[in-house]
Amino acid sequence: MELKQIASFQVDHRKLTEGMYTSRVDGDVVTYDIRMVRPNCGTYLGYGAIHSFEHLFATYVRSGPQSDKVIYAGPMGCRTGFYFLVRDMDPAAAIDLVRETMDFIAGYEGPIPGATEAECGNYREQDLEGARAAAKKMIPILAGWTVDKLVYEK
């Protein structure tokens with residue numbers, strides 16, 4: 001079997017900056033790249049922070065009025081951001097939902113949803129303050145984000 005180069009590896013990571021991008025479109029499913037850290041610059045999201053961020057992000061987007069359009073929200077293995085997959089959601093609405101989610105995470109206080117031994121395979125590795133800091137950093141970046149900015153720089 002010949003291994004093909006997947007679409008996300010064809011993006012020039014030397015040009016990526018923090019923001020939100022359309023990674024791919026598969027029929028009615030859109031994958032958004034929520035880039036929270038500039039790639040290959042030596043600073044990455046910490047494991048505990050990315051884990052807490054994931055629990056909060058996934059819970060928030062699956063709890064609101066557009067929850068039926070959410071397919072998946074999860075971290076990139078490179079620890080520079082998250083993928084957010086939606087179906088039949090207007091791109092402007094997706095940007096708004098991600099902004100709302102960042103606001104929610106930045107101000108969240110309390111127990112992390114799904115972070116018990118019965119609910120999570122690594123429930124002890126959590127960093128709420130790290131997740132909140134990552135979300136706070138993204139708020140000004142996404143404040144002026146528009147549908148036109150969803151396109152990767154060539």
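- Connection of Val98 to Val151 is not established within any shared hydrophobic cluster, with ILVMFWY side chains joined at heavy-atom distances below 4.5 Å, either directly or through further cluster members.
- By the rule that hydrophobic residues join a cluster once side-chain heavy atoms approach within less than 4.5 Å of another member, Leu128 and Tyr123 end up as members of separate clusters.
- Of the inter-residue distances, the one linking Thr146 atom OG1 with Met20 atom CE reads 11.5 Å to the nearest 0.5 angstrom.
- Taking CE from Met102 and CG from Leu97, the interatomic distance works out to 10.0 Å, rounded to the nearest 0.5 Å.
- Between Ala93 and Gln66, the shortest heavy-atom contact is CB-NE2, 3.7 Å.
- Taking CZ of Phe53 as the reference point, atom CG of Asp127 lies at 12.5 Å (rounded to 0.5 Å).
- Using a 4.5 Å heavy-atom cutoff, the side chains of Phe84 and Asp33 are not in contact.
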Exercise. Would Arg24 and Asp26 satisfy side chain to side chain contact (heavy atoms under 4.5 Å, CB included), going step by step from the backbone distance to the final call?
Worked result: CA-CA 7 Å; Arg24 58 183 296 141; Asp26 299 286; 2.7 Å; yes
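- Proximity of a side-chain donor or acceptor of His51 to a complementary backbone N or O of Glu125 within less than 3.5 Å is detected.
- To the nearest 0.5 Å, atom NZ of residue Lys149 and atom CG of residue Leu142 are 9.5 Å apart.
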Practice problem: Check the pair Lys137 / Ile139 against side chain to side chain contact (heavy atoms under 4.5 Å, CB included), numbers first and verdict last. | Solution: CA-CA 6 Å; Lys137 179 185 169 210; Ile139 290 170; over 6 Å; no
Check your understanding: Could you go step by step and tell me if Ile95 and Leu150 meet the side chain to side chain contact (heavy atoms under 4.5 Å, CB included) rule?
Key -> CA-CA 9 Å; Ile95 294 169; Leu150 291 172; 4.1 Å; yes
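- Within the 3.5 Å criterion, the main-chain N or O of Ala73 finds no donor-acceptor partner in the side chain of Glu54.
- A donor-acceptor pair is defined here as one N or O able to donate and one able to accept, closer than 3.5 Å; such a pair exists between the side chain of Thr59 and the backbone of His55.
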Tabulate below the donor-acceptor pairs under 3.5 Å that side-chain atoms of residues 36-49 make, not counting sequence neighbours, or state none.
| from | atom 1 | to | atom 2 | distance (Å) |
| --- | --- | --- | --- | --- |
| Arg38 | NH2 | Arg14 | O | 3.4 |

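- Between Tyr21 and Tyr152, the two ring planes are parallel [angle under 30°; tilted spans 30° to 60°].
- In this structure, NZ on Lys69 lies 16.0 Å from CZ on Arg62, to the nearest 0.5 angstrom.
- Other residues sharing a hydrophobic cluster with Tyr72 under the 4.5 Å side-chain heavy-atom criterion for ILVMFWY residues are Val29, Ile71, Met76, Tyr83, Leu85.
- There is no path of hydrophobic side-chain contacts, each under 4.5 Å, that joins Leu16 to Phe9.
- Of the inter-residue distances, the one linking Arg87 atom CZ with Asp68 atom CG reads 10.5 Å to the nearest 0.5 angstrom.
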Notebook entry, point to check: What's the verdict on side chain to side chain contact (heavy atoms under 4.5 Å, CB included) for Trp145 and Arg99, showing C-alpha distance, side-chain angles and the deciding distance?
Noted result: CA-CA 9 Å; Trp145 215 259; Arg99 280 191 196 118; 3.9 Å; yes
Contacts under 3.5 angstrom, residues 103-118 side chains, donor-acceptor by atom type, not counting sequence neighbours:
| from | atom 1 | to | atom 2 | distance (Å) |
| --- | --- | --- | --- | --- |
| Tyr108 | OH | Pro111 | O | 2.3 |
| Thr116 | OG1 | Glu119 | N | 3.4 |
| Thr116 | OG1 | Glu119 | OE1 | 2.7 |

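- Side-chain atoms of Val61 and Phe57, non-hydrogen and from C-beta on, do get closer than 4.5 Å to each other.
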